[in-house]
Amino acid sequence: MDRFFFNTDVNTDKKNMLLDQDNIPSHIAIIMDGNGRWAKQKGLPRVAGHREGMKTITNVVEKANDIGIQFLTLYAFSTENWKRPKTEVDFLMKLPERFLDKELPALQKNNVKVKTIGDPSLLPPHTKQAVDKAVRETENNSGLVLNFALNYGGRHELVEAVRKLGREVEHGHLKPEDITESLFSDRLLTSEIPDPDLLIRTSGEIRLSNFMLWQLAYSEFWFTEVLWPDFNGGHLVEAVQRYQQRKRRYGGV
């Protein structure tokens, strides 16, 4: 088995006790992959996998909150996902509304703050309205930040940041030599949250798929063959344990 992959058979409570509370990643980003394959294995339509994956989000948010994660970014829909069959895209566009309508009271109760990154211009009105409502109603919460990447693409984000800086230079507000990494980061969609400490990708794929290309430069990566609908709080704890076994050098010794 590839060294980046880890089998997981965990007792969640026991694993929780083994976590180093002084080394909990502040920000975890997850590429939620494998819904379609999960459904296919069970002889179900792909949308059944997406529906089951929505339940996984609830479990993972609860566990992230429990172990002290401050920011959780979930790759919900990429700019490339529009290429999928229209029936599947239509279903995916209904999921944020279904999830937030059902879970918003619990998110409020647990002090979770909902945010989004991505281009909202192509989202159907019902999707955008549901997301905007959740963001608005949780904006004063001070707990876990649940950040949905919705119609998000890393390259698109970078191009837009360059355009912003270009306009500022064109209008005389900046000089090219004023542009630094910090200034560039401030023009990204994630300017209000720290870069991820840990990236998790489910389903056995080992690639970024155009996700947070700038922000993941120094993140730790953890890949699992577990399909997203089968992922649970125990797997999240296992990923954090693996993170805690690594030493982040940022190019140093």
Side-chain angles (χ1 to χ4, degrees), residues 1 4-39 41-42 48-76 95-96 98-100 102-115 134 138 141-149 193-194 196-205 211-212 219-246:
M1 182 174 290
F4 290 107
F5 287 77
F6 304 94
N7 286 324
T8 309
D9 182 14
V10 298
N11 178 298
T12 301
D13 292 336
K14 182 178 179 180
K15 292 288 183 178
N16 270 358
M17 291 187 293
L18 295 176
L19 289 177
D20 178 1
Q21 296 302 315
D22 294 325
N23 189 24
I24 299 293
S26 173
H27 184 181
I28 293 180
I30 303 180
I31 300 176
M32 307 178 292
D33 197 13
N35 290 341
R37 273 167 282 176
W38 181 90
Q41 287 177 5
K42 298 180 180 302
H50 296 309
R51 187 182 296 111
E52 194 68 22
M54 187 174 68
K55 299 177 184 177
T56 299
I57 293 176
T58 300
N59 295 332
V60 169
V61 171
E62 289 177 353
K63 179 53 62 178
N65 204 30
D66 179 44
I67 64 179
I69 304 302
Q70 298 178 46
F71 302 88
L72 179 66
T73 296
L74 303 178
Y75 203 8
L95 286 181
R98 293 181 180 180
F99 175 80
L100 293 169
K102 179 183 178 183
E103 300 296 338
L104 189 55
L107 295 174
Q108 284 281 41
K109 180 180 178 181
N110 289 286
N111 199 29
V112 173
K113 183 174 184 175
V114 177
K115 292 181 69 69
T138 64
N141 291 351
S142 57
L144 169 73
V145 174
L146 176 57
N147 185 37
F148 288 101
I193 62 177
D197 301 294
L198 172 64
L199 169 75
I200 297 171
R201 180 165 188 158
T202 60
S203 88
E205 303 295 345
F211 185 49
M212 303 184 86
S219 303
E220 296 296 324
F221 292 178
W222 191 80
F223 300 97
T224 175
E225 292 178 330
V226 175
L227 302 176
W228 178 247
D230 293 326
F231 194 85
N232 58 40
H235 297 116
L236 182 68
V237 172
E238 176 77 356
V240 173
Q241 282 190 308
R242 297 294 180 173
Y243 166 87
Q244 293 182 343
Q245 293 171 8
R246 300 177 185 177

N110 side chain to A106 backbone, donor-acceptor under 3.5 Å = yes
query = Which distance, rounded to the nearest 0.5 Å, do you find between the CG of L107 and the CG of L100?
reply = 7.0 Å
message = Please find the pair of heavy atoms, one from P194 and one from H27, that lie closest to each other, and give the distance.
response = O-ND1, 2.7 Å
Contact summary for K113 and T138, nearest pair of heavy atoms = CG-O, 3.5 Å
query = Okay, side chain of T202, backbone of D33: is any donor-acceptor separation there less than 3.5 Å?
reply = yes
query = Between CE of M32 and CD1 of I200, what distance do you get to the nearest 0.5 Å?
reply = 12.0 Å
query = What are the two closest heavy atoms between L146 and F99, and how far apart are they?
reply = CD2-CE2, 4.5 Å
key: Pairwise distance CZ(R201) to CD(E225) - rounded to 0.5 angstrom   = 13.0 Å
request  = Determine whether T58 and E62 make a side-chain contact, defined as any pair of heavy atoms from C-beta on separated by less than 4.5 Å.
outcome  = yes
request  = First locate atom CE of M54, then atom CG of N35, and finally report the distance between them rounded to the nearest 0.5 Å.
outcome  = 11.0 Å
remark   = Shortest non-hydrogen pair, P25 vs V240, comes out as CD-CG1, 3.7 Å
query = Does the side chain of W228 come within less than 4.5 Å of S203's, by heavy atoms?
reply = no
Closest heavy-atom pair and its distance - T56, P229 = OG1-O, 3.3 Å
inquiry  = Applying side chain to side chain donor-acceptor pair (under 3.5 Å), can you list everything that pairs with Q41, at least two apart in sequence or on another chain?
reply    = none
key: Validation row: F211, T73 side chains within 4.5 angstrom (heavy atoms)   = yes
query = Salt bridge check: are K42 and E52 linked by an N-O gap of less than 4.0 Å?
reply = no
inquiry  = Exactly one of V145, N65, V60 should register a side chain to side chain contact (heavy atoms under 4.5 Å, CB included) with L72. Which one does?
reply    = V60
remark   = Which of D197, L198, I28 passes side chain to side chain contact (heavy atoms under 4.5 Å, CB included) with E220? It is L198
task = Look at the aromatic rings of F231 and W222 and report parallel, tilted or perpendicular, splitting at 30° and 60°.
result = perpendicular
query = Under 3.5 Å, is there a donor-acceptor pair between the side chain of Q244 and the main chain of N23?
reply = yes
task = Check the side chains of Q108 and N141 for a donor-acceptor pair under 3.5 angstrom, ignoring hydrogens and angles.
result = yes
task = Heavy atoms only: give me the nearest G49-W38 pair and the separation to one decimal.
result = CA-CE3, 3.7 Å
Main-chain N/O of S142 paired to N111 side chain as donor or acceptor, under 3.5 Å = yes
key: Gap between atom NE2 of H50 and atom CZ of R98 - 0.5 Å precision   = 12.0 Å
Residues T224, E238; criterion side chain to side chain contact (heavy atoms under 4.5 Å, CB included); working and verdict = CA-CA 10 Å; T224 175; E238 176 77 356; over 6 Å; no
